[in-house]
Peer 1: 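Sharing a structure here in structure tokens format.
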Amino acid sequence: MITVADLRSAAFRLKTAMEAEADTLNTADGALGDGDLGITMRSGSRAIAAAAEDLPEDFGMALMGCAQALTKASSSSYGTLLATGLMAAAKQAKGREGIEPGDLSGLLVAARDKMMARGKAELGGKTVLDTLDAIATALDGAQDPAAAAVTAAEDAQEAFRDKRATIGRARIFADKSVGLDDPGMLAMTKIVQAVTGR
Amino acid sequence: MITVADLRSAAFRLKTAMEAEADTLNTADGALGDGDLGITMRSGSRAIAAAAEDLPEDFGMALMGCAQALTKASSSSYGTLLATGLMAAAKQAKGREGIEPGDLSGLLVAARDKMMARGKAELGGKTVLDTLDAIATALDGAQDPAAAAVTAAEDAQEAFRDKRATIGRARIFADKSVGLDDPGMLAMTKIVQAVTGR
Amino acid sequence: MKKILNDPEAYVDETLAGLCAAHPESYRLTGDDGRVVARATPGKDGKVGIVSAGGSGHLPVFTGYVGTGLLDACAIGNVFASPSADQMADAIRAADQGSGVLRLYGNYGGDVMNFDMAGDLVEMDDIETTTVLLADDVASAPPEEAEKRRGVAGMVFAFKIAGAAAEAGLDLAGVTRVAQKTADACRSVGVALSPCTVPQAGKPTFEIGEDEMEMGMGIHGEPGVWRDKLRPADAIAEEMMDRLLADIDIAQGDRVSVLVNSLGATPHEELFILYRIVEARLQAAGAQIVMPLVGRYATSMEMTGVSFTLCKLDAELEGYLTAPCDCPFWIVK
Amino acid sequence: MKKILNDPEAYVDETLAGLCAAHPESYRLTGDDGRVVARATPGKDGKVGIVSAGGSGHLPVFTGYVGTGLLDACAIGNVFASPSADQMADAIRAADQGSGVLRLYGNYGGDVMNFDMAGDLVEMDDIETTTVLLADDVASAPPEEAEKRRGVAGMVFAFKIAGAAAEAGLDLAGVTRVAQKTADACRSVGVALSPCTVPQAGKPTFEIGEDEMEMGMGIHGEPGVWRDKLRPADAIAEEMMDRLLADIDIAQGDRVSVLVNSLGATPHEELFILYRIVEARLQAAGAQIVMPLVGRYATSMEMTGVSFTLCKLDAELEGYLTAPCDCPFWIVK
Ligand SMILES: Nc1ncnc2c1ncn2[C@@H]1O[C@H](COP(=O)(O)OP(=O)(O)O)[C@@H](O)[C@H]1O
Ligand SMILES: Nc1ncnc2c1ncn2[C@@H]1O[C@H](COP(=O)(O)OP(=O)(O)O)[C@@H](O)[C@H]1O
Ligand SMILES: [Mg+2]
Ligand SMILES: [Mg+2]
Ligand SMILES: [Mg+2]
Ligand SMILES: [Mg+2]
């Protein structure tokens, strides 16, 4: 079972990774956007790690605590979408002490759908949604969920690299975006690597 | 006899020299002042050279024409002082076709005095006034006026180098000015070199 | 691109503290965590509220334009980052005088998502809200996708005109209609010569050669249309006017206001040099210029560059544009 | 430090053309060679005239402050260079409404010599003139030689206060007395982080390391008091306040106005960060702050840096400072 203790240590790993990756993410976002994704993820993960010190025992409420910490720290597109997704997952996990690996796919689907509604975007648009979708699919019945998630994120990032951006700031430079990773997909790959410890 | 034709060719030599020395003079002035002396002398000498094309035959009026051209082009301290001096010399030379080398010292004294009154400054203050004073003295009875003028300007510049500035922007940094040439003295040396062709 | 600051994390809160300390007669800091600037003296009861929000680093946009005949309140995020939905909700509440609130702001993903969430939050308070988005940057999408464009300095016209409409007593639907008409009437384009530094990032938003410029660049350093050697002022102004006039019909007799705006470091001297061409082009098109604005109305801190905004007026918009307003950054008598 | 310009030789004339084109209701270009800016609508007959002059590159100083309750006319030179005596004489003539003209400007050699010459020139027109020089930069000479100091942003207070006194109908002696009292009441100090480029010189006015600043630097790049690593905003502000308060007595109950001024590139955000310390120091001294000014009031084109000016008020000065004025850069209602 994945418990709040696991969530807490994942939060600390996330913070360490995002401190290290902030420049990389800023640069990736700066290629076609405003170059703030590293700042978003650094301050967001710092806030989550700080909140992790005293999360409630209820797994759903703990996820909600993470979402609220993220919201306060960062309100860029990405921060807002992640918080939206976390809240959707939190709702499903509410009242439970922990979740089983088998629940993960469903939680991700809930998050993905809520994020689509919030950002008014479709799948296939070369955004973080596509990474989440790929992970949700890969997790469904996976033997080694951590490995499956990381591979799915990496593969999605690669599969979309040569597509055109359709959403957010990068959309304006859709032609130039061909061959460049979507910064939000890149960030999600790094997030998954960090939280799984792979 | 020094005629308006000589004045004209001196004006052209002055322009060529000042185009070449503008950066040097800006830099010298920038050490303790606002770094515009090269601009002043470049635009001033351009204006004089342009006016030189059709100066009146009267030597005094011709000098006045140079002074007015300078006034229009440049109103920094240095430009204003030079124009003031030229006007004083022009008054003395008015009504004459040309001047004798022996008149030069007297003309310079007239210029120097008017400039002292305009700038409310004394001799010995490490300014262009000291160079003019040294040249006036050296020209008095000189065999080779051109050589005497150049040497006097160079010597004055050197003699004052280690003194403290007392006038203008550099006065504020009197201590730092020790060891630095006064930019106005430096400019006068270059002016004298150019107009004498030495 | 050098900055005078203390802890980068404190940049925005210290800015707001100084803003309100210097102008206590105009601004009041409010909201749960002090990220909402509201009028020191609220608008009169029953006036439609106008609220804006966005990232810091654009003074006088956004908070500076809180004032009579302008905004009622504004939520402000970190530099170039949206404020949170909670902060926006606080700003909406501060702007409400019982007749509903117009959300008037620039088209950026983070701001839109959060203002949407904020709207959900204040529904519980029974505050009616409407939304008008500025999407005036012609360099950011072709006319067919005009609604996807970024919002830039056109915002200033929208604040002024909608603010005057609210002051004049129009109801929420009326103020919203006027604001939307203004948004539709604005076209902007910007050019950047050197970047600015976001305090929390600690390095410039983009890199550019000492002899280069970029046409169409966004106010956060988002890429533009082309990058090339720095051109003469008149050539830059001509191309900017070409791009604007290609995007909006300006006909003989039209009345147009124009904003020649410095992104920060570019001095007034250079704005006036550019203005000569703006005026010549509008005159050549037969337009009458109304109340031209030349100055720093919407900046990106110390970025070097300018933007031009055209705002095509009808009698209603012109009346509100030239009506009185009062904030420390802009007084119309 | 990148500039948007055409021919460097045309920088000033093009700036003036744009200034007057954008604000024809305020400014009129006059003088033999178009280097005098005068009020579009002259002050009322018999009002004492106030004229200033100096180099270009400091907008809104000098020409920007031509307006009601401010200057009547202004002669303007090339960037950072004095206008000629002839141009100044033209400005004096434009400012005259039959009751004499105050020459009000900063203490720089070229300006002083030329304004003196201009005074001689207008004697023939029977225009009575007086002179008040601003010498407010405490970094430029010790108190014993206070009259030798450079004139910097304190000028803005002198324009405002003397302008209101003239508008109120004081005679030449009275306006001159009030202007001199203001000049005596002002102390300024500046700090620079990066230079600007004089168009005709084509390169920066000084060089400074990417991590350096200079305390006490002049508005044309004249050297300051020390150069060192860039310090935090609060430390910079504290030292600037130390220097000002060491030079003027501010006692419990005094009323003081203050100008926190950007030299050009430094954004409003950072001025407000600095203002916190200015306010705290004046409050600690027991002073009451009156009408603080925070913004770009006296610049050096795109220079990065700030200046602080204190202006100690008595009831007369405060009355004139807070009186109405109107120009495109500054409205007091
Ligand atoms: N409407 C949206 N729907 C889904 N994903 C989005 C949306 N907008 C942005 N993103 C994702 O967020 C990333 C950019 O995040 P961020 O830098 O925070 O945006 P911004 O700075 O423009 O607010 C994109 O790479 C994309 O993956
Ligand atoms: N009052 C004065 N009397 C005599 N010479 C002066 C005076 N003021 C300046 N100078 C001379 O002019 C030089 C500086 O000229 P300039 O750069 O034009 O001054 P600024 O830029 O300060 O107006 C000085 O080096 C000095 O030789
Ligand atoms: Mg971004
Ligand atoms: Mg962003
Ligand atoms: Mg000089
Ligand atoms: Mg000078």
Peer 1: Scan residues 280-299 of chain D for pairs that pass ring pair (Phe, Tyr, Trp, His ring centres under 6.0 Å), counting only residues two or more places apart or in two chains.
Peer 2: D:Y297-D:W330
Peer 1: Heavy-atom cut-off 4.5 Å, strictly under: side chain, backbone, both or neither for C:L274 against chain D?
Peer 2: side chain
Peer 1: Just give me the residue among C:A237, C:S262, C:G264, C:A10 that pairs up with chain D most often, heavy atom to heavy atom, under 4.5 Å.
Peer 2: C:G264
Peer 1: Under a 4.5 Å heavy-atom cut-off, does chain C meet the side chain of D:F272, its backbone, both or neither?
Peer 2: both
Peer 1: Determine, for D:E318 against D:R255, whether the closest basic-nitrogen to carboxylate-oxygen distance falls under 4.0 angstrom.
Peer 2: yes
Peer 1: Pick whichever of D:P232, D:P292, D:A235, D:A21 has the most heavy-atom pairs under 4.5 Å with chain C.
Peer 2: D:A21
Peer 1: Please say whether more than 12 non-hydrogen atoms of neighbouring residues, nucleotides or ligands are located less than 6.0 Å from CD in D:Q283.
Peer 2: yes
Peer 1: Checking C:I331 against chain D: side chain, backbone, both or neither under 4.5 Å from a heavy atom?
Peer 2: both
Peer 1: So what's closer than 4.5 Å to chain D heavy atoms on C:E279: side chain, backbone, both or neither?
Peer 2: side chain
Peer 1: Is D:K333 reaching over with its side chain to a backbone N or O of D:P324, donor-acceptor style, under 3.5 angstrom?
Peer 2: no
Peer 1: Are D:Q200 and D:Y11 close enough that a side-chain donor and a side-chain acceptor fall under 3.5 Å?
Peer 2: no
Peer 1: Taking every non-hydrogen pair under 4.5 Å, which of D:A17, D:G18, D:A265, D:P328 racks up the most with chain C?
Peer 2: D:G18
Peer 1: Who passes salt bridge (Lys or Arg N to Asp or Glu O under 4.0 Å) against C:R39, sequence neighbours left out?
Peer 2: C:D72, C:E167
Peer 1: Just so I understand: if I count every heavy-atom pair under 4.5 Å between each of D:M291, D:H268, D:R296 and chain C, which residue has the most?
Peer 2: D:R296
Peer 1: Side chain to side chain donor-acceptor pair (under 3.5 Å): which pairs involve residues 229-239 of chain D, sequence neighbours left out?
Peer 2: C:N6-D:D234, D:D211-D:K229, D:W226-D:E239, D:D228-D:R231, D:R231-D:E239, D:D234-D:R276, D:E238-D:R281, D:E239-D:R243
Peer 1: Identify the residues of residues 56-63 of chain C whose heavy atoms come closer than 4.5 Å to a heavy atom of chain D, ordered by number, or report 'none'.
Peer 2: C:G57, C:H58, C:L59
Peer 1: Would the distance check show the side chain of D:E214 and the main-chain N or O of D:R227 forming a donor-acceptor pair, the cut-off being under 3.5 Å?
Peer 2: no
